[in-house]
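One structure below.
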Amino acid sequence: MIFSGPDQAPIAVDRFPDWKARFGDLAGRLELEIGCGHGGYALAFGRLRPGRALVGIEQRKKFATTVAEKVERRGLGNVLILQGDGRLLAPRLFAAGSLAAIHVHFPDPWWKRRHVRRRLVDDRMSTLLLRLLAPGGLLDFRTDVERYALDAVERLEEVGFENEAGPGRFCEAPPDEIPSTREKRYLQTGQRVWRLRMRRRVAADQGR
Ligand SMILES: C[S@@+](CC[C@H](N)C(=O)[O-])C[C@H]1O[C@@H](n2cnc3c(N)ncnc32)[C@H](O)[C@@H]1O
C-alpha cells in the first residue's frame with residue numbers, strides 16, 4: 001500500500017491494489033471520497049450503502065485515524081480510510097475508468113482569490129477525476145463557496161464532464177443524499193450549498 005504526503009517524492013507503482021481482494025464483489029461498484037474530514041459521509045455510506053464500497057482519502061492524520069477507528073469499531077467492511085494527499089494517491093490507487101463515483105465535499109478552505117492556485121479542483125485534478133471515472137460515472141461535488149462553485153462548474157464542463165443539471169447549472173440535493181459532517185451543519189443553519197453532479201459521458205455521447 002502506498003502512503004505519501006505532498007512533500008514526499010512520488011512513489012512509482014507498476015500495479016494497482018487488488019480491490020477485489022479487499023472488497024470482494026463490491027469492488028465492481030467502487031467509489032472514492034477525497035477529504036473525508038470527520039467522516040460523516042463515509043460512516044453513513046458504510047451503513048446506508050451496503051452494496052457499494054468506498055475508499056476515503058484524508059490528508060490530516062488525526063482525522064484519518066479517528067474515522068478509520070470508527071469504521072473498524074462499527075464493522076463497516078465496505079469502507080476503507082487512507083491517510084494522504086488525494087491528488088497524489090488517487091492516480092496510484094485506481095486504474096483509469098475504474099470508479100463508479102467520486103465525492104468531493106467542501107474540499108478546502110482556500111476560497112480567497114490569492115488561494116486559487118491551491119484549490120483541490122484545479123485543471124489537472126479535473127482531468128484526473130474524469131479519467132478515473134467509468135463511463136457514466138458520477139462526480140459529486142459540493143461547496144459552500146459561491147466563487148469556487150462557479151469556477152468548478154466551468155472547469156469541469158471544459159474538461160468534458162456532462163452536467164446533470166444542464167450547462168452552468170447547480171442541482172438540488174437528491175432525496176437520498178447523504179450529508180457530510182459539514183453539510184449537516186448547513187442543513188441546520190440554512191447556509192447555501194452549491195451542488196454539482198457531473199457525469200463522465202458514455203462513449204456514444206463523447207464529442208457531442
Ligand atoms: C472543509 S473539510 C470538509 C470535510 C468533509 N468533506 C465534510 O464535508 O465535512 C476539507 C477536508 O478535506 C481535506 N483535504 C483537503 N485537501 C485534501 C487532499 N488533497 N487530500 C486529502 N484530503 C484533503 C482536509 O484535510 C479536510 O479534512
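Note that ligands are numbered from 1 as they come in the structure, with each ligand's atoms numbered from 1 the same way. By convention here, the first residue in the shown sequence is residue 1.
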N/O separation below 3.5 Å, [X] to ligand 1:
X	answer
Cys36	no
Ser180	yes
Gln59	yes
Gly86	yes

State whether Glu177 and Arg195 are salt-bridged, where the test is any N-O pair (Lys NZ or Arg NE/NH1/NH2 against Asp/Glu carboxylate O) under 4.0 Å.
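The answer is yes: the pair qualifies as a salt bridge.
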Using a 4.0 Å cutoff against the non-hydrogen atoms of [X], which atoms of ligand 1 qualify?
X	result
Arg87	19 (N)
His105	3 (C), 5 (C), 6 (N), 8 (O)
Phe63	27 (O)
Thr181	9 (O)
Gly84	20 (N), 21 (C)
Ile57	21 (C), 22 (N)
Asp85	18 (C), 19 (N), 20 (N)

Between ligand 1 and Arg60, can you find any atom pair, the residue atom being a heavy atom, that is separated by under 4.0 Å?
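A heavy atom of Arg60 does come that close to ligand 1.
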Heavy-atom contact check, 4.0 Å cutoff: does Pro107 meet ligand 1?
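Within the 4.0 Å threshold, so yes.
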ring-ring contact (aromatic ring centres under 6.0 Å, His included): pairs with one or both residues in residues 68-91, sequence neighbours excluded
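Residue pairs passing ring-ring contact (aromatic ring centres under 6.0 Å, His included), neighbours aside: none found.
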Identify each donor-acceptor pair in which a side-chain atom of residues 123-135 lies under 3.5 Å from a protein atom, sequence neighbours left out, and give them as a table.
residue : atom : partner : partner atom : Å
Asp123  : OD1  : Arg155  : NH1          : 3.0
Ser126  : OG   : Asp122  : O            : 2.8
Thr127  : OG1  : Asp123  : O            : 2.9

Is the side chain of Asp140 donor-acceptor paired with the backbone N or O of Ala101 at a distance under 3.5 Å, no angle test?
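Such a contact is absent between Asp140 side chain and Ala101 backbone.
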Under 3.5 Å: donor-acceptor pair, side chain of Gln83, backbone of Gln59
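Flag set: sc Gln83 to bb Gln59 pair under 3.5 Å.
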[atom1]/[X] to [atom2]/[Y] distance, rounded to the nearest 0.5 angstrom?
X	Y	atom1	atom2	result
Glu31	Phe94	CD	CZ	11.0 Å
Leu76	Ile81	CG	CD1	9.5 Å
Glu146	Asp151	CD	CG	12.0 Å

Residue-level breakdown please: for Tyr41 versus ligand 1, do any non-hydrogen atoms fall below 4.0 Å on the side chain, on the backbone, on both, or on neither?
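Answer for Tyr41: neither.
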How about Arg49 and Leu54: do any of their side-chain heavy atoms sit closer than 4.5 Å?
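No; the side chains remain at least 4.5 Å from each other.
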